[in-house]
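Each remark here refers to the structure printed beneath this line.
Order of the sequence lines fixes the chain letters, A, B, ..., with proteins taken first and strands second; residue numbering starts at 1 for each chain. In this text the structure is predicted, and so the values were computed from the model without any measurement.
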Amino acid sequence: MPELPDVEGFRRVLAGHAVGRRIEDVVVRDAQVLRDVSAAGLRKTLTGRKFGEPRRLGKWLLTPLKGGPETVVLHFGMTGSLHWETGEPHRHDRVIFCFAGGELRYRDMRKLQGLRLAADDEALERLLAGTGPDALEVGPLQDVLPGRRQLKAALVDQSVLAGLGNLLADEILWRAKLNPYRKVSSVDDLGPLRTTMRKTLREAVKAGRVPPRPSWLTGRRDEPSGSCPRCGTTLRHGRAGGRSTVWCPHCQPG
DNA sequence: CGGCGTGTTCAGAA
DNA sequence: CTTCTGAACACGCC
């Protein structure tokens, strides 16, 4: 699930419920998601402290600790999420931040990513050094997309552009009527692609996720012989940028 | 049992 | 050096 809009939703969960409250305890239910910190170290560093205002870079959620140099860094992989809840934890809740009024739960079935603790701003910068500009903040695309690469491969490469995942990249290229296998350099004007990207992201952020609406390509891609929501042509499936890729051969000619 | 997947990383090939 | 492919990670669903 988690692409830029989802992570933005998780950021709001954290900002709306956990910021400013005292962290009473940190329960690590599965230490496999801890990347560069021990359960004991995390608990010791966080207990008694408060989260500051969280920010997002691409699919990274960065939450500084108030007054400290440390930043809690979350990545959600393919199946991660963040919840503000009370009551029985979910079986895939891996780390739980306990507050007086509720719990912030880092949930992740597959554990492909996890939680890190950057000791200071320098460590944080090192961690994010390879990450490109956020897809909602980036300027003209001709300045960042490498000309020789396929459009799809360039859009999902987090070192080029941070935030787009497989579904969003297909959705955006479909809306922009660009074939995913086309080379970046073959597109005369990348302006419309940027406009489409921003519009698609804003809509998805508003919905809190990538909407599986019938009018979106994402609503059709899993159907065996799904058809283009715009023209009805049977969609084509292939691989680009190392990921499963869906496109409309009529709207997005090669 | 085999195949697949909204993400990332690495080795190896082209 | 750049780009691409496939495998690996871990888990649930077909």
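The OH-P distance, from A:Tyr181 to C:dT3, rounds to 18 Å in whole Å. Between the C1' atom of B:dG7 and the CG atom of A:Asn166 lies a distance of 10 Å, rounded to the nearest Å. Between A:Arg149 atom CZ and C:dC1 atom C1' the separation is 13 Å, expressed in whole Å. The CE-C1' distance, from A:Met109 to C:dA10, rounds to 8 Å in whole Å. Going from atom CZ of A:Arg35 over to atom P of B:dT9 covers 10 Å, rounded to whole Å. Put simply, NE2 on A:His237 is 13 Å from P on B:dC4, counting in whole angstrom units. Rounded to whole Å, the distance from NZ on A:Lys111 to C1' on C:dA8 is 15 Å. Rounded to whole angstrom, the span from the CZ atom of A:Arg107 across to the C1' atom of C:dC11 amounts to 15 Å.
Defined by atom type and a distance below 3.5 Å, a donor-acceptor pair is present between the side-chain atoms of A:Lys152 and A:Asn166. When only modelled atom types and interatomic distance are considered, A:Arg182 and A:Ser186 share a side-chain donor-acceptor pair under 3.5 Å. A:Gln32 and A:Lys111 share a donor-acceptor pair across their side chains, judged by distance under 3.5 Å alone.
A salt bridge does not link A:Arg116 to A:Asp36: none of the charged side-chain nitrogens sits closer than 4.0 Å to a carboxylate oxygen. Look at A:Arg175 and A:Glu203 and you find a salt bridge, because one of the NZ, NE, NH1 or NH2 atoms lies within 4.0 Å of a carboxylate O, short of that distance.
Both A:Glu3 and A:Trp60 lie near DNA chain B, and the one whose nearest nucleotide falls closer to the 5' end is A:Glu3. Across the interface with DNA chain C, nearest-nucleotide mapping of A:Pro146 and A:Arg239 shows A:Pro146 to be the residue nearer the 5′ end.
Distances shorter than 4.0 Å separate none of the side-chain N or O atoms of A:Ser159 from OP1 or OP2 on B:dT8. Phosphate proximity of C:dA10 to A:His92: absent, as no side-chain N or O sits under 4.0 Å from OP1 or OP2. The shortest distance between the side-chain N/O atoms of A:Gln150 and the OP1/OP2 oxygens of C:dT3 is not below 4.0 Å. Regarding contacts with the backbone of C:dT3, a side-chain N or O of A:Arg148 is found under 4.0 angstrom from either OP1 or OP2. Side-chain N/O atoms of A:Arg110 include none lying less than 4.0 angstrom from OP1 or OP2 on C:dC9. Contact between the side-chain N/O atoms of A:Lys59 and the OP1/OP2 oxygens of B:dT6 is not found at any separation under 4.0 Å. Residue A:Arg91 places at least one side-chain N or O closer than 4.0 Å to OP1 or OP2 of C:dG12.
Residue A:Arg243 is in base contact, counting any heavy-atom pair closer than 4.0 Å across all strands shown. A:Thr79 comes within 4.0 angstrom of no nucleic acid atom, judged by non-hydrogen atoms across all strands.
Between the C1' atoms of C:dC1 and B:dT8, the separation comes to 22 Å (whole Å).
Between A:Phe51 and A:Phe99, the ring planes lie tilted relative to each other; the angle falls in the 30° to 60° range.
Using the Watson-Crick or G-U wobble rule with both distances under 3.5 Å, B:dT6 pairs with nothing in any strand shown. Pair check for C:dC4 finds B:dG12; Watson-Crick or G-U wobble, both atom distances under 3.5 Å.
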